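These numbers were taken from a predicted model, which means no experiment stands behind them.
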Amino acid sequence: MYQERIKPNPLKHIPATLQQAFLAIEDSRFYDHPGVSYPDIVRAFIKNLSAGQFVQGGSTITQQLAKVLFLTPERKLKRKIREALLALEIERRFTKDEILEFYMNQIYLGSGAYGVQAAAQIYFGKTVAQLTLAESAMIAGLPKAPTRFNPKTNPERALLRRSLVINRMRVSGFITDEQAKTAREEPFQLAPRVANIAPEAAYFIEKTRIGLSRRFGQSLYKSGLQIHTTVDIGLQKIAHQALTNGIGKINQRRGFKEPGAEIKRPPRLGDGFQFHILDITGKMVSGIIGDYEAEMPVPGHIDAKRLREGDLLLGRVIKVDRAVKKLFLEWQETVQGAVIAFDAGTGALRALTGGTNFRRFPFNRATQARRQPGSSFKPIIMGTALSQGYTPAHILMDTPFVRRMPGTPKAWKPRNYTNKFYGPVTMRRAIESSLNLATIKLLDQMGPQKAITFAHRLGIRSKMNPYLSLALGSIEVTPYQFTASYIPFAARGVYARPYEITKVTDGRNRVLEENIPTTHLAIAPETAYQMTMLLRGVVTHGTGKKARDIGAFLAGKTGTTNEYRDAWFIGFSEDLVLGVWVGRDDNKHMGYRASGGSAALPIWVEAMKGWLEGRESEARIPEPPPGITLVQVDSRSGHLPSDWCEGEPILEAFVEGTEPSEPCARKSRLPAILSGG
């Protein structure tokens with residue numbers, strides 16, 4: 001985190017050649033004067049008087065340090081007097097070596113670098129110990145005018161200044177004539193430009209910066225703080241790539257051909273394409289689609305300055321000029337998304353991406369977007385029921401429901417994703433197939449306020465009205481907060497407060513802030529285990545089946561809102577809670593059947609596969625906590641297996657004393673369940 005890059009270095013680790021370069025050009029009598037060089041002050045006074053303006057300061061290294069630490073850079077006599085007095089006080093309190101060390105670690109050297117170590121890295125990609133004599137001279141030449149002599153922006157002036165420093169070193173006896181000649185002839189090679197923020201981690205870093213700036217203010221940028229975070233950079237890259245790949249595929253299903261795809265027929269009006277920018281001219285971008293040149297104006301609400309060559313855009317053809325093979329397109333909005341990953345045991349944020357391109361889309365959808373979770377809220381309803389004594393085998397009625405809701409002019413008639421009714425079903429089947437009507441009736445039996453209380457215990461702080469529509473996820477919550485609410489399901493009921501900073505240290509390695517995992521028991525371990533087993537069923541037999549072949553014990557829930565505005569999958573392995581949301585920033589539909597299972601789940605699968613690669617993982621059922629018994633029951637009826645059962649025998653988790661005691665009866669036939677979205 002910086003506006004200024006500061007890399008403190010003890011004086012003993014700064015090569016003598018670099019120290020001598022600074023002394024030669026800035027203050028050759030540093031070890032002889034008391035902090036103020038009176039001959040230099042007189043000489044500067046005469047020059048300024050003859051020039052009729054302030055042209056020379058005559059400041060010693062100690063005076064420069066005083067100005068950097070305590071004063072403003074204004075050129076006034078009053079400030080110069082204060083500078084001299086402060087310099088004398090600094091000399092009284094510190095040794096010459098301590099003053100030189102402070103100076104070389106604090107002086108501004110251009111390009112946001114404060115101190116010689118930062119300058120060595122920025123300009124030459126080296127540590128100070130690796131600098132050549134010529135490179136040391138170039139850095140030493142910067143304090144006088146960091147912008148004017150910056151080798152990145154003014155290489156010719158920088159070379160002239162370097163020659164001056166080398167000559168001063170020779171005159172001062174620090175180097176020989178031969179060394180000076182060799183140094184002057186040395187060509188300089190600057191380090192390649194490196195982006196300040198890796199694109200894969202930009203959203204994570206920005207979230208961290210915002211939180212730190214509230215606590216540390218401007219000192220965050222000016223005090224050389226070292227920030228230690230919880231990010232797993234490997235997972236961060238995997239998550240970002242999975243989101244980018246997934247969004248590209250969703251846009252293809254929306255009718256926008258992938259960039260570089262073979263075009264089998266000439267483009268027509270209305271065709272959609274994804275293409276890379278080849279050129280930007282004002283508010284017009286151009287690229288190539290097949291063997292056609294493509295041109296598209298940037299709409300007024302888009303900041304064209306954020307666009308770069310190579311950026312991927314979406315457009316729809318509004319005009320075709322076949323004579324010159326040119327397409328004219330209209331701008332189309334892309335789908336966006338967020339991926340968040342927490343350590344299940346500690347709450348440490350391992351990865352976070354709030355969009356596909358931070359430069360173009362700085363809005364962080366992971367932490368700033370408030371979206372409806374849809375059916376991914378159902379585990380909270382089911383978890384509430386389990387905490388109230390219901391069992392996974394409890395029979396719910398998935399039948400038509402009509403209710404006049406407060407504040408609505410018409411009766412509320414919710415429906416299932418498939419527009420079908422399934423009659424009596426077990427709680428397990430209701431969540432595996434994401435049945436809306438069965439869940440609404442369950443919430444009606446318990447009362448919405450109990451579900452709200454349960455949600456609060458899981459860390460959800462969004463406003464929740466006590467209406468039955470809560471069963472369909474009719475709240476607004478950030479993907480970050482909602483993903484964290486699944487932590488207790490993955491961690492035997494324990495909620496771990498999310499955090500992304502382990503510690504903050506200053507330039508002297510003193511700890512200013514340190515964070516350790518903060519946990520508490522949010523829900524009963526028995527409830528958490530039962531929910532884990534139910535959510536495992538979503539992966540093995542329900543709407544999350546695309547994840548069942550990964551080869552580890554995974555659990556989770558899909559979520560889809562009306563008109564395919566939001567698609568979710570929140571799930572977990574034994575050590576990672578991973579959440580994916582996709583949708584459009586304008587809250588319009590994403591296209592035909594862009595459900596949680598088809599839009600969000602493939603991104604989740606790619607990210608989870610990347611996380612598990614090379615790790616030991618098993619698909620075995622975890623050991624139940626005390627108070628839970630595993631019983632084989634009929635999957636259709638929830639009864640004990642018998643010859644009359646029509647479902648498959650499955651292993652179900654019951655709180656001891658609530659397990660079924662009756663086998664399937666002869667006429668206990670229940671309708672088949674079809675998977676929904």
Check whether any side-chain heavy atom of Y390 lies under 4.5 Å from a side-chain heavy atom of T384, and answer yes or no.
-> no
Side chains of R593 and Y417: does their closest heavy-atom pair fall under 4.5 Å?
-> yes
Can you check whether N587's main-chain N or O pairs, donor with acceptor, with R565's side chain at less than 3.5 Å?
-> yes
Residue pair E513, I501: steps toward the side chain to side chain contact (heavy atoms under 4.5 Å, CB included) verdict = CA-CA 9 Å; E513 175 181 306; I501 297 169; 4.2 Å; yes
For atom CG of N562, is the number of surrounding heavy atoms from other residues, nucleotides or ligands below 6.0 Å larger than 12?
-> no
Taking atom CD1 of I516 as the centre, does the number of heavy atoms from other residues, nucleotides or ligands within less than 6.0 Å exceed 12?
-> no
Heavy-atom count around R415 CZ within 6.0 Å, excluding the residue itself: above 12?
-> no
Mind checking side chain to side chain contact (heavy atoms under 4.5 Å, CB included) for A366 and listing every partner two or more places apart, or none if nothing turns up?
-> A338, I340, L352, N364
dist T629:OG1 -> F654:CZ (nearest 0.5 Å) comes out at 9.0 Å
Mind running salt bridge (Lys or Arg N to Asp or Glu O under 4.0 Å) on R428 and E432 for me, showing each step along the way?
-> CA-CA 6 Å; R428 168 173 289 281; E432 287 180 354; 2.9 Å; yes
Are side-chain N/O atoms of T519 and R497 paired as donor and acceptor at under 3.5 Å?
-> no
Write down the atom of A341, the atom of L578, and the distance for their closest heavy-atom approach.
-> CB-CD1, 3.7 Å
Taking distance alone, no hydrogens or angles, what donor-acceptor pairs closer than 3.5 Å link side-chain atoms of residues 248-256 to residues at least two apart or in another chain?
{"residue": "N251", "atom": "OD1", "partner": "R254", "partner atom": "NH1", "Å": "2.8"}
{"residue": "N251", "atom": "ND2", "partner": "I247", "partner atom": "O", "Å": "3.4"}
{"residue": "N251", "atom": "ND2", "partner": "T334", "partner atom": "OG1", "Å": "2.9"}
{"residue": "R253", "atom": "NH2", "partner": "S598", "partner atom": "O", "Å": "2.9"}
{"residue": "R254", "atom": "NH1", "partner": "E333", "partner atom": "O", "Å": "3.0"}
{"residue": "R254", "atom": "NH2", "partner": "E333", "partner atom": "O", "Å": "3.2"}

Check the side chains of D575 and S573 for a donor-acceptor pair under 3.5 angstrom, ignoring hydrogens and angles.
-> yes
Examine distances only and state if a side-chain atom of S434 and a backbone atom of A430 form a donor-acceptor pair shorter than 3.5 Å.
-> no
Take I550 and L612 through the side chain to side chain contact (heavy atoms under 4.5 Å, CB included) test and state the conclusion after the steps.
-> CA-CA 9 Å; I550 292 180; L612 291 173; 3.6 Å; yes
Compute the ring centroids of F482 and W581, then answer whether they are less than 6.0 Å apart.
-> no
Does a donor on one side chain sit under 3.5 Å from an acceptor on the other, for S595 and T560?
-> no
Applying side chain to side chain contact (heavy atoms under 4.5 Å, CB included) between L235 and each of R350, H240, M608, report the one that passes.
-> R350
Does the S485 side chain pair with the main chain of G459, one donor and one acceptor, at a distance under 3.5 Å?
-> no
Tell me, please, whether F553 has R536 positioned over its six-membered ring: NZ or CZ under 6.0 Å from the ring centre and within 45 degrees of its axis?
-> yes
Locate the shortest heavy-atom distance separating S642 from C664; write the atom from each residue and the value.
-> OG-O, 3.1 Å
At their closest point, which heavy atom of I570 faces which heavy atom of W568, and how far apart are they?
-> CD1-CE3, 3.8 Å
Validation row: E206, R209 side chains within 4.5 angstrom (heavy atoms) = yes
From R370 atom CZ to S462 atom OG, the distance as rounded to the nearest 0.5 Å | 4.0 Å
Are side-chain heavy atoms of F569 and T543 found at a separation under 4.5 Å?
-> no
T483 side chain to P479 backbone, donor-acceptor under 3.5 Å = yes
Should T208 and Y203 be marked as a side chain to side chain contact (heavy atoms under 4.5 Å, CB included) after you check the CA-CA gap, both sets of side-chain angles, and the distance that decides it?
-> CA-CA 9 Å; T208 304; Y203 289 99; over 6 Å; no
How close do A239 and A607 get, heavy atom to heavy atom, and via which atoms?
-> CA-CB, 4.5 Å
Results of ring pair (Phe, Tyr, Trp, His ring centres under 6.0 Å) for Y480 - residues two or more places apart only = F342
Are I431 and K557 close enough that some pair of their side-chain heavy atoms sits under 4.5 Å apart?
-> yes
Without swapping roles, check the side chain of T356 against the backbone of T244 for a donor-acceptor pair under 3.5 Å.
-> no
Output all residues satisfying side chain to side chain contact (heavy atoms under 4.5 Å, CB included) with A369, sequence neighbours left out; order by chain, then residue number.
-> F363, R365, R371
Donor-acceptor contact present, side-chain R548 to main-chain T540, <3.5 Å = yes
Test item: I523 and S387 side chains (from C-beta on) under 4.5 Å apart, heavy atoms | no
State the NZ-CE distance between K378 and M382, to the nearest 0.5 angstrom.
-> 7.5 Å
d(D398 CG, L435 CG) to nearest 0.5 Å is 4.5 Å
Would you indicate whether D643, at its atom CG, is surrounded by more than 12 heavy atoms from other residues, nucleotides or ligands within a distance under 6.0 Å?
-> no
Rounding to 0.5 Å, atoms OG1 (T367) and CG (L349) come to a distance of 10.0 Å
Of all residues at least two apart in sequence or in a different chain, which pass the side chain to side chain contact (heavy atoms under 4.5 Å, CB included) check with D549?
-> none
Taking C-beta and beyond as the side chain, do W604 and L554 meet within less than 4.5 Å on heavy atoms?
-> yes
Quick one: does D634's side chain have a donor or acceptor within less than 3.5 Å of a partner on G647's backbone?
-> yes
Is the distance between the ring centroids of Y495 and H520 under 6.0 Å?
-> yes
For the pair D232 and Q236, evaluate side-chain hydrogen bond (donor to acceptor under 3.5 Å, both in side chains) and give the outcome as yes or no after the intermediate values.
-> CA-CA 6 Å; D232 182 310; Q236 179 65 51; over 6 Å; no
With a 4.5 Å limit on heavy-atom distance, are the side chains of P400 and F421 in contact?
-> yes
Taking S635 for its side chain and E648 for its backbone only, find out whether a donor-acceptor pair lies under 3.5 Å.
-> yes
Under the side chain to side chain contact (heavy atoms under 4.5 Å, CB included) criterion, do N245 and I603 qualify, and how do the steps go?
-> CA-CA 8 Å; N245 294 343; I603 297 171; over 6 Å; no
State which residues pass ring pair (Phe, Tyr, Trp, His ring centres under 6.0 Å) with Y499; sequence neighbours excluded, sorted by chain then number.
-> none
Under the 3.5 angstrom rule, does the side chain of N357 hit a backbone N or O of R360 as a donor-acceptor pair?
-> yes
Just by modelled atom types, is the L640 backbone N or O under 3.5 Å from a matching donor or acceptor in the E662 side chain?
-> no
In short, I628 meets A653 closest at the heavy-atom pair CG2-CB, 4.1 Å
d(I452 CD1, R457 CZ) to nearest 0.5 Å is 14.0 Å
Which pair of non-hydrogen atoms, one from R403 and one from F401, has the smallest distance, and what is that distance?
-> CB-CE2, 3.4 Å
